[in-house]
Amino acid sequence: MKIYFCDECNESIPLSDINSNKITIDQGKIFCNDCAPTPKTTSTSGLNVPTIGLGMLLCLGLGMGIMAVWGDTLLQRGDHKSTSSRVEALESQLGTLRESFANRLGAVEAEFDESTGREGKVGKYATATRAISENAEALRQVRHSLSQFGDELRSERKRETQTLEELGTRLENDIARLDQAFGENVVSDLQKISTDLDAIRDRQRHLDERMAYVEEVGSEILKAGSRRVEGSGSAANADKHVDTVLSDAQRKQLDQVLLEISSSQPAKRFAAVSWFSELEPAIRNRHAEEALVGTFGDKSDYVVTAALDSLAAMSAQWSIPSIIELLKHDNIFIREKAIDSLGKLTGSKVKLDAAADRGIILTKVRELQEWWRLNKGRLIGS
């Protein structure tokens, strides 16, 4: 047997009251006979005829509804089972609604629950709310950091601006002092430079006089020595300039090499000039030697260095003046190879460092040129 409770006093409603229809149902709630709400009445005084008519129509409609629902009981028709079944059906609907509402309410509460549940989960709304809060805090921290960084940048910019202004002031003062010092000392500096130039010119004249004296003495010594040399020695010197007799095959190959020396491809030029230094024994051919000297202006330094090796292998002593000029070249590798080739052609080591200062190199060039002027006849027999 089901037991019904009053929604007001929460007391159980006797079955006899239910059977005798001593209960009140209002807005989906069940009230016992003691807790039943009192119907509100309104005074009809002061109402006009249309209002009274409208009230009578409403009462008539209400009466018809009551008769439709409770007609059997009021007119004592039917039995109490019809009322009980209606109440039970109503109670079942109310229970279903309460259960549904309770489930929905529990689900909503679970979504907002911040504590960890049995499944180890936290409500998604609570998680979202917490994430929003954390993001807001992070944004506040970022804004604070940016504000501090902006303050630091402004301070740094102010310091840099002040430093630049101070530097500009110092530069202006230094420029003013330099202008003043230059204006005061420029005349004395120019006079000193002029004096130094005069001293250099005097030293140069003195060196020229000494070189002329050495040349004169050297020429006399060479002349005296040449008179003491046997005639066969002069013939031997002359033989130094005789070209090597070549076979037809060698002559054909030489012509091909001479063509490749003037090739537009650096690799072919390099192979051509290297061909002479690879021959055993080396040949002597004045036309080939002149072609090798013609490569001294090549843009590829390895072509020039290969040509120097070939000239040294061919004992082309007549090319010594051209090789001396290569000591002035900007490329240190060409200078090194020129020093090496001069040592082989002259028979004595050239005491010069390829990495020396340009002034030292130019002095050595003049010294070697003078030496060649005095000794070229002895070397090439001319």
Side-chain angles (χ1 to χ4, degrees), residues 239-356 358 360-373 375-377 379-382:
D239 290 341
K240 293 181 181 179
H241 304 282
V242 177
D243 288 355
T244 303
V245 178
L246 302 176
S247 63
D248 292 340
Q250 289 175 329
R251 171 64 62 181
K252 184 177 181 180
Q253 188 175 9
L254 176 61
D255 293 340
Q256 181 64 32
V257 169
L258 292 176
L259 287 175
E260 292 183 353
I261 286 179
S262 60
S263 172
S264 60
Q265 300 180 19
K268 287 187 176 182
R269 297 198 301 272
F270 174 74
V273 297
S274 301
W275 180 75
F276 297 96
S277 63
E278 296 170 356
L279 294 175
E280 288 292 343
I283 66 172
R284 289 300 306 273
N285 185 280
R286 186 57 176 260
H287 182 53
E289 292 172 357
E290 291 175 351
L292 291 173
V293 172
T295 65
F296 285 177
D298 200 288
K299 294 181 180 180
S300 301
D301 56 358
Y302 53 88
V303 175
V304 180
T305 55
L308 288 170
D309 282 335
S310 294
L311 288 170
M314 297 165 72
S315 299
Q317 293 174 325
W318 69 269
S319 64
I320 289 177
S322 299
I323 298 176
I324 291 174
E325 288 296 321
L326 286 181
L327 297 176
K328 303 177 184 178
H329 205 284
D330 294 335
N331 191 308
I332 189 173
F333 301 107
I334 293 178
R335 295 200 300 270
E336 289 177 347
K337 184 57 67 175
I339 293 171
D340 179 67
S341 297
L342 286 173
K344 293 177 181 179
L345 291 172
T346 60
S348 60
K349 185 177 181 180
V350 179
K351 296 180 181 180
L352 177 65
D353 185 0
R358 186 163 182 82
I360 296 176
I361 292 176
L362 293 178
T363 301
K364 190 66 175 180
V365 167
R366 288 193 294 270
E367 178 183 335
L368 291 172
Q369 288 173 341
E370 180 61 22
W371 175 88
W372 172 252
R373 189 175 67 82
N375 293 276
K376 63 181 180 179
L379 293 175
I380 63 176
S382 58

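Please read all numbers here as calculations on a predicted model, not as lab measurements.
The minimum heavy-atom distance linking A316 with L345 is given by the pair N-CD2, 3.7 Å. Across all their heavy atoms, L311 and F296 have their closest contact at CD1-CZ, 3.5 Å. Between S277 and A313, the shortest heavy-atom distance links the atoms CA-CB, 4.1 Å. Summarising the geometry of A272 relative to V257, their closest heavy-atom pair is O-CG1, 3.4 Å, with the distance given to 0.1 Å. Here the closest non-hydrogen pair linking T295 and A307 is OG1-CB, 3.2 Å. The shortest heavy-atom contact between V365 and K328 is CG1-CE, 3.6 Å.
Between the side chain of R335 and the backbone N or O of H329 there is at least one donor-acceptor pair closer than 3.5 Å. With hydrogens and angles ignored, the 3.5 Å screen pairs no side-chain donor or acceptor of S263 with any backbone N or O of L259.
Under the side-chain contact (heavy atoms from CB on, under 4.5 Å) test applied with L342, the options L352, L326, I323 reduce to a single match, I323. None of V304, L327, I339 except one satisfies the side-chain contact (heavy atoms from CB on, under 4.5 Å) rule with I334; the exception is V304.
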For this session: Could you check R284 against E289 for side-chain contact (heavy atoms from CB on, under 4.5 Å), going step by step and ending with a plain yes or no?
Result: CA-CA 8 Å; R284 289 300 306 273; E289 292 172 357; 2.6 Å; yes

Problem set entry | Audit row: E325, Q369, side chain to side chain donor-acceptor pair (under 3.5 Å) steps and yes/no | CA-CA 9 Å; E325 288 296 321; Q369 288 173 341; 2.6 Å; yes

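Between K337 and D309, at least one side-chain nitrogen of the basic residue sits less than 4.0 Å from a carboxylate oxygen of the acidic one, meeting the salt-bridge criterion. Taking a cutoff of 4.0 Å between a charged side-chain nitrogen and a carboxylate oxygen, K344 and D340 qualify as a salt bridge. Taking a cutoff of 4.0 Å between a charged side-chain nitrogen and a carboxylate oxygen, R366 and E370 do not qualify as a salt bridge.
Within a 6.0 Å sphere centred on NZ of K364, heavy atoms belonging to other residues, nucleotides or ligands number more than 12.
Rounding to the nearest 0.5 angstrom, the gap separating the CZ atom in F333 from the CG atom in D301 is 7.0 Å. Here the CG-OG1 distance, from L368 to T346, works out to 8.5 Å after rounding to the nearest 0.5 Å.
Applying the side-chain contact (heavy atoms from CB on, under 4.5 Å) rule to P266 yields the partners R269, S300, Y302; only residues at least two apart in sequence or on another chain are considered.
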